[in-house]
Protein chains: 2
Amino acid sequence: MAHRPPPPPARPRRRPPRPPGKPPSGRSRDTEEAFLAGYDLAAFPRPSVTVDVVLLTVDRTVPTSAPRLHAVAYERTEHPDRHKHALPGGFVRLDESLDQAAARILRDKAGLEGLFVEQLYTFGAPQRDPRGRVLTVAYYALVGPERLADLALRSSARVHLVDVPWAGETGGPVDLLAGPGEPLPLAFDHADILGMAVKRLRGKLDYTPVGFQLLPAEFTLRALQDVHEAVRGETVNKDSFRRRMLAGGMLEATGEREPATYHRPAELYRFVKRSSV
Amino acid sequence: MAHRPPPPPARPRRRPPRPPGKPPSGRSRDTEEAFLAGYDLAAFPRPSVTVDVVLLTVDRTVPTSAPRLHAVAYERTEHPDRHKHALPGGFVRLDESLDQAAARILRDKAGLEGLFVEQLYTFGAPQRDPRGRVLTVAYYALVGPERLADLALRSSARVHLVDVPWAGETGGPVDLLAGPGEPLPLAFDHADILGMAVKRLRGKLDYTPVGFQLLPAEFTLRALQDVHEAVRGETVNKDSFRRRMLAGGMLEATGEREPATYHRPAELYRFVKRSSV
DNA sequence: AAAATAGTGTCTATGAGACACTATAGT
DNA sequence: ACTATAGTGTCTCATAGACACTATTTT
């Protein structure tokens, strides 16, 4: 949730006012230093800017049903949209980049570092936040389910099922589910943000090695297929999937085998960056 | 260029200050209205936000050489980066969406409306603008060369050759050329923005009907192939290209033929939205 | 007629999907 | 032995690339 209450005694830092008698417009022949000294960015109204992060995972811990895509959200405790759920987020600080802000939010709100994180889209409808003009630069991050095991111990964040009501890469808003058939209302335009994240991930899955980001370091081909099916929301052809993955040159057999199965154990593979290309 | 000097007598509009004696933090049981009235967004420092637009076209008016990708830029007349070239841009107003800001910039700075416009990426490195913290939400727009014919009469914008130093969808900064082998320095991080636009367009070309946006309403298959080759920076197979395009169901034969050729004239096609899917 | 490009028909290589079959674990 | 999944081999079909050939305009 990008929309925390402000810290109690913080007044906005003002930009230094423009020195009098030196209008920066016109055809002055000043040096760049003089120009910058006389320039007042605050002459233009500025929006507030937050970063919201869609933290996605594929929960394979329920062995009875097919793995599904899940996302992390918090229940808001304050107005506006109190009791609705929101994505982890926060205001951008003036001394950090947008990428750094996304990494900071993941660290502070979920205790996670070193994840795959990518900028998604910037949402800027004028009325998207009733408190005023707030842009949000949305990011999405991918994490294996094993790294979310103790998330509830570290924070008030929870992992919820993602319910995508459209096929392929059509796009549109996406809601979370609290339980079977029980939608979880999302705050602000976060359903749009979540929908954009799912659409982006589906588009990237086929031609970039992004599926590995949702698995532990060593995994079976079946687990990788589960991830692809969870993200795409449909089953994929087993034979073709295996061939494509093995032909891609991004998988390295470990020689180890999957432990503790009640059937033939599958070989474990590891992701390797492609040397060429 | 997103970085104009401020208008002479404009002071920043201040958010209404928070009413005293009603701190919004804590577990107050206020109504949402009361909460919002007491909320001061200015408690967090706010960056300036601009929108920059990469306006791309494929210039096929030079019949002797292969068509190439071109982009619109202005020479900056003020510090910083004076005399370098910049993309059309401007500050986001608080009462307009980001998409509206991009459309307004295209209208005001290039006199163009109704183009294909899509958000690209948001650039927010803390030091990308020496005047202070300025984020820019980059957009790209596509236009047929015939609509840029009188651009120079309407504005100081010029169309420059795009020089992509990488292949495929690798990505990286991209410069403009003033003439053959004569690079045109770009202001700020606009080479990164331009590079991102080329990368995005290349990626979209194969699976979305975006190529038509760079052509007039009626065009030959050869012209469409020229556009694809210009965007991709490499030749494509003629036979396969024709089959793919005709099989896609997005082209409609007009029955008309290309005028004034010194060889067999090709049939003119028109883009039609696919009914199904 | 010559030149130049538009457009068609056909062969081949590649990859996805389908399916049959074998292999190996637990029970 | 039975069951469930892993993994392999082979066939078919769809599509991209290559290439030969025909068609139609201006000069």
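Order of the sequence lines fixes the chain letters, A, B, ..., with proteins taken first and strands second; residue numbering starts at 1 for each chain.
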In the 5' to 3' direction, the nucleotides of DNA chain C bounding the stretch that comes under 4.0 Å of a heavy atom in chain A are C:dA16 to C:dG26

Quick one: label A:E267 by what it contacts on the DNA or RNA (base, sugar-phosphate, nothing), any heavy atom closer than 4.0 Å.
sugar-phosphate

Got a sec, which residues hit side chain to side chain donor-acceptor pair (under 3.5 Å) with A:D226, two or more places apart in sequence or on another chain?
A:R60, A:R222

Donor-acceptor contacts under 3.5 Å from residues 142-151 of chain B side chains, at least two apart:
{"residue": "B:R147", "atom": "NH2", "partner": "B:E113", "partner atom": "O", "Å": "2.9"}
{"residue": "B:D150", "atom": "OD1", "partner": "B:R154", "partner atom": "NH1", "Å": "2.8"}
{"residue": "B:D150", "atom": "OD2", "partner": "B:R154", "partner atom": "NH1", "Å": "3.0"}

Taking side-chain contact (heavy atoms from CB on, under 4.5 Å) as the test, write out the residues that go with B:T261, two or more places apart.
B:E258, B:H263, B:P265

Among residues 218-247 of chain A, which ones have heavy-atom contacts with DNA chain C below 4.0 Å?
A:N237, A:D239, A:S240, A:R243, A:R244

Applying salt bridge (Lys or Arg N to Asp or Glu O under 4.0 Å), which residue pairs with at least one partner in residues 160-172 of chain B are found, sequence neighbours left out?
none

Anything under 3.5 Å between a protein N or O and an N or O of nucleotides 25-27 of chain D, put it in a table, one pair a line.
{"residue": "D:dT25", "atom": "O2", "partner": "B:R264", "partner atom": "N", "Å": "3.4"}

Near-ring test A:F241/A:H228, centroid separation under 6.0 angstrom:
yes

Partner set under side-chain contact (heavy atoms from CB on, under 4.5 Å) for A:A191, not counting sequence neighbours
A:P173, A:D175, A:L186

Test of understanding: with side-chain contact (heavy atoms from CB on, under 4.5 Å), list the residues that count as partners of A:R200, not counting sequence neighbours.
A:E118, A:L120, A:Y140, A:K204

Using side chain to side chain donor-acceptor pair (under 3.5 Å) as the criterion, list what pairs up with B:E234, not counting sequence neighbours.
B:R232

Residues that A:Q225 engages under side chain to side chain donor-acceptor pair (under 3.5 Å), provided they are two or more places apart
A:E229

By side chain to side chain donor-acceptor pair (under 3.5 Å), which residues pair with A:E218, not counting sequence neighbours?
A:R270

